[in-house]
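To start, the structure itself, in structure tokens.
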Amino acid sequence: HVQLVESGGGSVQAGGSLRLSCASSGSIYDTMCMGWVRQAPGMERDGVAAIDSDGSTRVADSVKGRFTISKDNAKNTLYLQMNRLKPEDSAMYYCVADEVGSWFELTNLPAAPYWGQGTQVTVS
């Protein structure tokens with residue numbers, strides 16, 4: 001059974017940076033695709049960054065050039081480096097995973113079967 005635990009959220013001023021981490025357990029981590037989904041109050045869940053099992057990555061246009069997704073397979077940990085944060089980035093950020101080789105599109109992330117508990121990011 002796959003379990004995901006996020007950390008690294010917090011409050012930061014506009015223009016600042018945060019690094020989110022997602023620790024995983026449950027095996028088969030290296031054969032899964034991983035990603036980050038965020039949800040602001042009153043808004044739908046949006047996929048913001050994804051990494052496939054082969055290491056290929058993609059990010060949403062709204063965060064392109066500011067956010068970077070990566071993973072350390074040896075540590076079973078997923079990361080989201082967030083730079084030049086804006087107030088509109090404020091949201092609950094969730095680590096997600098699926099036992100497939102590729103997400104294909106960021107819009108598939110909110111339908112992922114595995115979710116962490118979320119970590120809050122507040123940008124003022």
Side-chain angles (χ1 to χ4, degrees):
H1 181 71
V2 176
Q3 294 182 337
L4 306 170
V5 180
E6 304 96 331
S7 62
S11 181
V12 64
Q13 67 181 21
S17 298
L18 286 172
R19 182 180 173 89
L20 306 184
S21 298
C22 172
S24 69
S25 63
S27 188
I28 322 180
Y29 193 82
D30 60 344
T31 65
M32 303 177 69
C33 52
M34 307 285 294
W36 294 93
V37 172
R38 69 183 182 185
Q39 184 175 33
M43 304 293 289
E44 65 181 7
R45 290 174 170 174
D46 289 325
V48 296
I51 184 166
D52 294 337
S53 61
D54 66 356
S56 61
T57 63
R58 65 188 67 85
V59 299
D61 289 342
S62 59
V63 303
K64 193 174 183 65
R66 301 188 297 118
F67 289 14
T68 302
I69 186 172
S70 63
K71 64 178 180 179
D72 187 334
N73 287 335
K75 297 182 178 181
N76 287 335
T77 302
L78 179 75
Y79 302 100
L80 184 66
Q81 180 66 49
M82 305 185 295
N83 298 326
R84 300 183 180 90
L85 283 162
K86 304 175 180 179
E88 53 262 45
D89 294 320
S90 297
M92 184 72 74
Y93 283 73
Y94 299 92
C95 176
V96 300
D98 201 353
E99 296 175 336
V100 295
S102 174
W103 289 111
F104 297 107
E105 301 291 343
L106 287 171
T107 53
N108 291 324
L109 269 65
Y114 301 110
W115 291 70
Q117 84 289 347
T119 185
Q120 180 67 44
V121 172
T122 302
V123 184
S124 60

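We're numbering straight along the sequence, starting at 1. Atoms considered below: every heavy atom in the structure, side chains included; atoms not considered: hydrogens, waters and symmetry mates.
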(request) Find the distance between CE (Met34) and OG1 (Thr77) and round it off to the nearest 0.5 Å. (result) 9.0 Å
(request) Using the rule that two of Ile, Leu, Val, Met, Phe, Trp, Tyr join whenever any of their side-chain heavy atoms come within less than 4.5 Å, decide whether Tyr114 and Val48 are in one cluster. (result) yes
(request) Calculate, to the nearest 0.5 Å, the distance between atoms CD1 and CZ belonging to Ile51 and Arg58 respectively. (result) 10.0 Å
(message) Could you work out, with side chain to side chain contact (heavy atoms under 4.5 Å, CB included) as the rule, every residue matching Val59, not counting sequence neighbours?
(response) Ala49, Val63, Lys64
(message) Could you check whether any side-chain N or O of Asp72 sits under 3.5 Å from a backbone N or O of Ala74, counting only pairs where one atom can act as donor and the other as acceptor?
(response) yes
(request) Only counting residues at least two apart or in another chain, list the ones meeting side chain to side chain contact (heavy atoms under 4.5 Å, CB included) with Val5. (result) Gln117
(request) Might you point out which heavy atoms bring Leu106 and Ala60 nearest each other, and give the distance in Å? (result) CD1-N, 3.4 Å
(request) Sorted by first residue and then second, give each salt bridge (charged side-chain N to carboxylate O under 4.0 Å, His left out) pair with at least one member in residues 80-94; sequence neighbours left out. (result) Arg38-Asp89, Arg66-Asp89
(message) How close do Cys33 and Ser102 get, counting heavy atoms only, and between which atoms?
(response) SG-C, 4.2 Å
(message) Is the shortest side-chain heavy-atom distance between Val12 and Met82 below 4.5 Å?
(response) no
(request) Quick one: closest heavy-atom pair of Pro87 and Ala14, and the distance? (result) CD-CB, 4.2 Å
(request) Could you grab the distance from atom CG of Leu20 to atom OH of Tyr79, nearest 0.5 Å is fine? (result) 12.0 Å
(request) Using the test side chain to side chain contact (heavy atoms under 4.5 Å, CB included), find all partners of Ala111 that sit at least two apart in sequence or belong to another chain. (result) none
(message) For Asn76, is there any backbone N or O sitting under 3.5 Å from a side-chain donor or acceptor partner on Ser24?
(response) yes
(message) Test your reading of the model: is there a side-chain donor-acceptor pair from Ser53 to the backbone of Gly101, 3.5 Å cut-off?
(response) yes
(message) Which residues pass the ring pair (Phe, Tyr, Trp, His ring centres under 6.0 Å) test with Tyr94, not counting sequence neighbours?
(response) Trp115
(request) Identify the heavy atoms of Ala40 and Ala91 that sit nearest to each other, and give their distance. (result) N-CB, 3.8 Å
(message) Distance check, rounded to the nearest 0.5 Å: Phe67 atom CZ versus Ser17 atom OG?
(response) 9.5 Å
(request) First locate atom CD of Glu6, then atom CG of Leu78, and finally report the distance between them rounded to the nearest 0.5 Å. (result) 9.5 Å
(request) Without swapping roles, check the side chain of Asp54 against the backbone of Ser56 for a donor-acceptor pair under 3.5 Å. (result) yes
(message) Could you work out, with side chain to side chain contact (heavy atoms under 4.5 Å, CB included) as the rule, every residue matching Asn108, not counting sequence neighbours?
(response) Trp103, Phe104, Glu105
(request) To the nearest 0.5 angstrom, please state how far the CD atom of Gln120 sits from the OG atom of Ser11. (result) 9.5 Å
(request) Spell out, yes or no, whether Val2 and Leu109 are grouped together once hydrophobic residues are joined by side-chain heavy atoms under 4.5 Å, including indirect joins. (result) no
(request) Search all heavy atoms of Met32 against all heavy atoms of Glu99 and return the closest pair with its distance. (result) CE-CG, 3.8 Å
